[in-house]
Amino acid sequence: MRRPAARFRGPDSIIACAWFPRHNKKKHRGGCVKPAPFAYAKARSIEEAVALLGAHKDARLLAGGQSLIATLNMRLSSPSLLIDINPVGGLDHIGQRNGSVEIGALVRHAQAERSAVIARRAPLIARALPYIAHPAIRNRGTLGGSIAFADPAAELPACLVALGGEVEATGPQGKRCIKADDFFRGLFETALGPAEVLTAIRVPAAGADTRVGFAELARRHGDYAIVGLAASARAAGAGLANVRLAFFGVGDTPVRARQAEAALAAGDIEAAVAALDLSPHDDVQATGAAKKHLAGVLLRRVAKQLTGTEP
Ligand SMILES: Cc1cc2nc3c(=O)[nH]c(=O)nc-3n(C[C@H](O)[C@H](O)[C@H](O)COP(=O)(O)OP(=O)(O)OC[C@H]3O[C@@H](n4cnc5c(N)ncnc54)[C@H](O)[C@@H]3O)c2cc1C
């Protein structure tokens, strides 16, 4: 007899339903599992994780497992080796340094939600976190995993771009920093090299003149967004400067709408909506035209958050 397993949203945003046979030791001799066979290694340091990645070309890092395990179970990926980085120390810190907030790769979404530093100094991330999935997933999922996975409909990659943040990557040549605008290269594709581990993200610490805005439209709370918008700006007199609008769910990566940013900095919300430089494609959730319309709706809401005129 077969019964449905959990419903997962695959990386291509198609909702799939995995089926598996009832556990039957005699018939399956314990060998019936959903993923393809893989080896498992615990990394106890970054150096060990980097060395394992270098030695096994099709290995994958395991962080919270909230996206990776689903792709394994649906056999959308079949790495020969999983490198578990959870035992690596020093990757779960949240702190401030040189005007930035630094968040270690293994900080869980739930830990970030409870952080006073993130609430005060990275308020855009604080606003976005409750929209990510559900509490059980936020208890395990990590900020590093979300950024490295680079789902185009995910909240945190867009926040990183909206804040003009950066990614710290550690590889065989040591550490390097990659600007958020250069990090997301394509669908689930980033600037991380094959033997690099994302070790932290950094965003500018919010000051008195920082303004942020966040909104998304999803079918149910916790679902990936149909369209979303993360935004930051600096208050300049009665208006805004340094406006950064990062839409998600409208392309292969978070998408900056630069003409709309310029119009918003000039103080004209309707001109910003008219200037929206987005060309979303149809997907399983909505047509490209519907997404573009919804992006305008979100832009009006977020513009009011940025200007402090939200009712
Ligand atoms: C039902 C469901 C609903 C969800 N809804 C949302 C949602 O609405 N919004 C959203 O943003 N997310 C959503 N997620 C995903 C969730 O946020 C994950 O936590 C996140 O995408 C991945 O984090 P993780 O730590 O679980 O990574 P994992 O699943 O462990 O890894 C994901 C990928 O990133 C790589 N990786 C992980 N860590 C690193 C690192 N430090 N350096 C380099 N590569 C790394 C892995 O090798 C893997 O390829 C949902 C997940 C589920 C199961």
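Numbering of ligands and ligand atoms starts at 1, following listing order. Keep in mind that this is a model prediction, so the values were computed, not measured.
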Side chain or backbone, does [X] bring an N or O within less than 3.5 Å of an N or O on ligand 1?
X      : answer
Ile132 : no
Leu62  : no
Ile69  : no
Glu196 : no

Sub-4.0 Å atoms of ligand 1 with respect to non-hydrogen atoms of Gly64:
24 (P), 25 (O), 26 (O), 27 (O), 30 (O)

Return a table of donor-acceptor pairs under 3.5 angstrom between the side chains of residues 209-218 and protein atoms on other chains or two or more places apart.
{"unit_1": "Thr210", "atom_1": "OG1", "unit_2": "Gly207", "atom_2": "N", "d": "2.8"}
{"unit_1": "Thr210", "atom_1": "OG1", "unit_2": "Gly207", "atom_2": "O", "d": "3.4"}
{"unit_1": "Arg211", "atom_1": "NH1", "unit_2": "Ala208", "atom_2": "O", "d": "3.2"}

Between [X] and ligand 1, which residue portion shows a heavy-atom distance shorter than 4.0 Å: side chain, backbone, both, or neither?
X      : value
Leu106 : neither
Ile137 : side chain
Leu192 : side chain
Arg138 : neither

[X] near ligand 1, heavy-atom distance under 4.0 Å?
X      : result
Asp223 : yes
Ser146 : yes
Leu143 : no
Asp151 : no

Do the side chain of Gln305 and the main chain of Val302 share a donor and acceptor less than 3.5 angstrom apart?
no

Is there a donor-acceptor pair under 3.5 Å between the side chain of Ser100 and the backbone N or O of Glu102?
no

When clusters are formed from ILVMFWY side-chain contacts under 4.5 Å, directly or step by step, what else is grouped with Ile46?
Val50, Leu52, Leu53, Leu61, Leu81, Ile83, Ile85, Val88, Leu91, Leu106, Val197

Full working for salt bridge (charged side-chain N to carboxylate O under 4.0 Å, His left out) between Lys42 and Glu48
CA-CA 9 Å; Lys42 272 186 182 171; Glu48 201 181 337; over 6 Å; no

Walk me through whether Glu168 and Arg202 qualify under salt bridge (charged side-chain N to carboxylate O under 4.0 Å, His left out).
CA-CA 8 Å; Glu168 179 191 275; Arg202 282 187 280 271; 3.1 Å; yes

Qualifying residue for ring pair (Phe, Tyr, Trp, His ring centres under 6.0 Å) with Phe149, from Phe184, Phe188, Tyr224
Phe188

With a 4.5 Å cut-off on side-chain heavy atoms, are Ser146 and Gln66 touching?
no

Just to be sure I'm reading this right: ignoring hydrogens, which of Arg60, His134, Arg140, Glu155 gets closest to atom 11 (O) of ligand 1? Compare them by their nearest heavy atoms.
Glu155

Do Leu278 and Leu294 sit in the same hydrophobic cluster, where Ile, Leu, Val, Met, Phe, Trp and Tyr count as joined when their side-chain heavy atoms come under 4.5 Å apart?
yes

